[in-house]
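Note that the structure is predicted; figures quoted are calculated from it, not measured. The residues of the chain are indexed from 1 along the displayed sequence.
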Amino acid sequence: MLIDTSQMPVILIRSKEHHVDSFETQFQQVLDRNDPFVLVSDHSPEDHEDETSEDRKQRTLFMKKVGDQMRKLCRGMIMVTGKDDMPAAIRLVAANAGKAFGFPIMFVKTEAEGIAKGRTLFDNDARPQTSK
């Protein structure tokens, strides 16, 4: 995966591109900036097919470790779905995950839509509130 910060405060997570550093290392660098951001990702739920249980465990531990930073800095996550709509079950899981993380998770069809939607989160100068 590649974390592209060229559109800050919108950060693009590109699952089909690679970086020499791990996702966790790249993401920690983003968090260490201590600047608010929005994530736009083309990473789909099916992208985990070849992931081992150890990989999933490590990713989960990392996300727990950075959870407070995520709640503080992330204004939302936008998933690029492509032509297909995301199934209702995945949307429900995303809504619940968004509540747990403290930011909304939204879906769009194109990266351009995702970037535009991400920028509106900053243009409105208001962080969407979620209840716990």
Side-chain angles (χ1 to χ4, degrees):
M1 262 190 239
L2 173 69
I3 297 180
D4 177 354
T5 58
S6 66
Q7 305 269 341
M8 282 294 283
V10 175
I11 295 174
L12 304 168
I13 299 176
R14 300 180 187 280
S15 63
K16 311 264 187 297
E17 296 180 40
H18 300 285
H19 192 275
V20 293
D21 292 328
S22 70
F23 169 81
E24 289 83 358
T25 298
Q26 293 178 75
F27 201 72
Q28 188 62 60
Q29 290 169 352
V30 167
L31 294 171
D32 289 346
R33 290 177 170 200
N34 207 33
D35 292 326
F37 60 87
V38 171
L39 296 172
V40 175
S41 178
D42 67 358
H43 186 75
S44 78
E46 294 83 31
D47 289 343
H48 293 281
E49 290 174 348
D50 60 348
E51 191 175 62
T52 68
S53 61
E54 184 61 28
D55 291 339
R56 281 189 294 278
K57 179 181 175 184
Q58 291 305 315
R59 178 90 23 100
T60 300
L61 290 173
F62 174 75
M63 293 311 288
K64 282 184 178 186
K65 175 184 151 196
V66 301
D68 287 342
Q69 286 178 290
M70 285 289 291
R71 280 183 278 288
K72 176 184 168 194
L73 299 173
C74 187
R75 299 300 186 254
M77 176 177 245
I78 302 166
M79 307 297 296
V80 178
T81 63
K83 292 186 262 181
D84 300 327
D85 285 332
M86 198 56 63
I90 292 176
R91 287 180 181 273
L92 181 61
V93 168
N96 289 331
K99 287 179 184 176
F101 282 123
F103 55 80
I105 299 176
M106 299 164 264
F107 298 90
V108 296
K109 294 198 183 226
T110 68
E111 183 177 280
E113 285 178 84
I115 292 169
K117 186 175 279 263
R119 292 201 184 285
T120 65
L121 293 175
F122 288 92
D123 293 344
N124 294 336
D125 198 34
R127 181 174 181 148
Q129 298 295 312
T130 57
S131 58
K132 290 189 177 187

Roughly how far apart are [X] [atom1] and [Y] [atom2], rounded to 0.5 Å?
{"X": "Leu31", "Y": "Lys65", "atom1": "CG", "atom2": "NZ", "answer": "9.5 Å"}
{"X": "Thr120", "Y": "Ile115", "atom1": "OG1", "atom2": "CD1", "answer": "12.5 Å"}
{"X": "Ile13", "Y": "Met79", "atom1": "CD1", "atom2": "CE", "answer": "8.0 Å"}

Please give me the minimum heavy-atom distance between [X] and [Y], naming the atom from each residue.
{"X": "Ile105", "Y": "Ala97", "answer": "CD1-CB, 4.0 Å"}
{"X": "Pro36", "Y": "Pro9", "answer": "O-CB, 3.7 Å"}
{"X": "Val80", "Y": "Val40", "answer": "CG2-CG1, 3.8 Å"}
{"X": "Phe103", "Y": "Cys74", "answer": "CB-O, 3.7 Å"}
{"X": "Leu121", "Y": "Arg75", "answer": "CD1-O, 3.6 Å"}

Qualifying residues under salt bridge (Lys or Arg N to Asp or Glu O under 4.0 Å), relative to Asp35, sequence neighbours excluded: none
Checking [X] side chain against [Y] main chain: does a donor-acceptor pair fall under 3.5 Å?
{"X": "Thr5", "Y": "Met8", "value": "no"}
{"X": "Ser15", "Y": "Met1", "value": "no"}
{"X": "Gln26", "Y": "Ile3", "value": "yes"}
{"X": "Gln69", "Y": "Val66", "value": "no"}

hydrophobic_cluster_shared for Leu2 and Val30, side chain cutoff 4.5 Å: no
Connected via hydrophobic side-chain network under 4.5 Å: Val93 and Ile78: no
Which residues share a side-chain hydrogen bond (donor to acceptor under 3.5 Å, both in side chains) with Glu24, sequence neighbours left out: Arg59
Stepwise side-chain contact (heavy atoms from CB on, under 4.5 Å) check, Asp4 with Glu17: CA-CA 10 Å; Asp4 177 354; Glu17 296 180 40; over 6 Å; no
Side chain proximity check, Lys72 to Asp68, heavy atoms < 4.5 angstrom: no
Min side-chain heavy-atom separation Glu113-Met106 under 4.5 Å: no
Verdict with supporting geometry, Met70 and Met77, side-chain contact (heavy atoms from CB on, under 4.5 Å): CA-CA 11 Å; Met70 285 289 291; Met77 176 177 245; over 6 Å; no
Of all pairs that satisfy salt bridge (charged side-chain N to carboxylate O under 4.0 Å, His left out), the ones with a partner from residues 101-111, not counting sequence neighbours: Arg14-Glu111, Asp85-Lys109
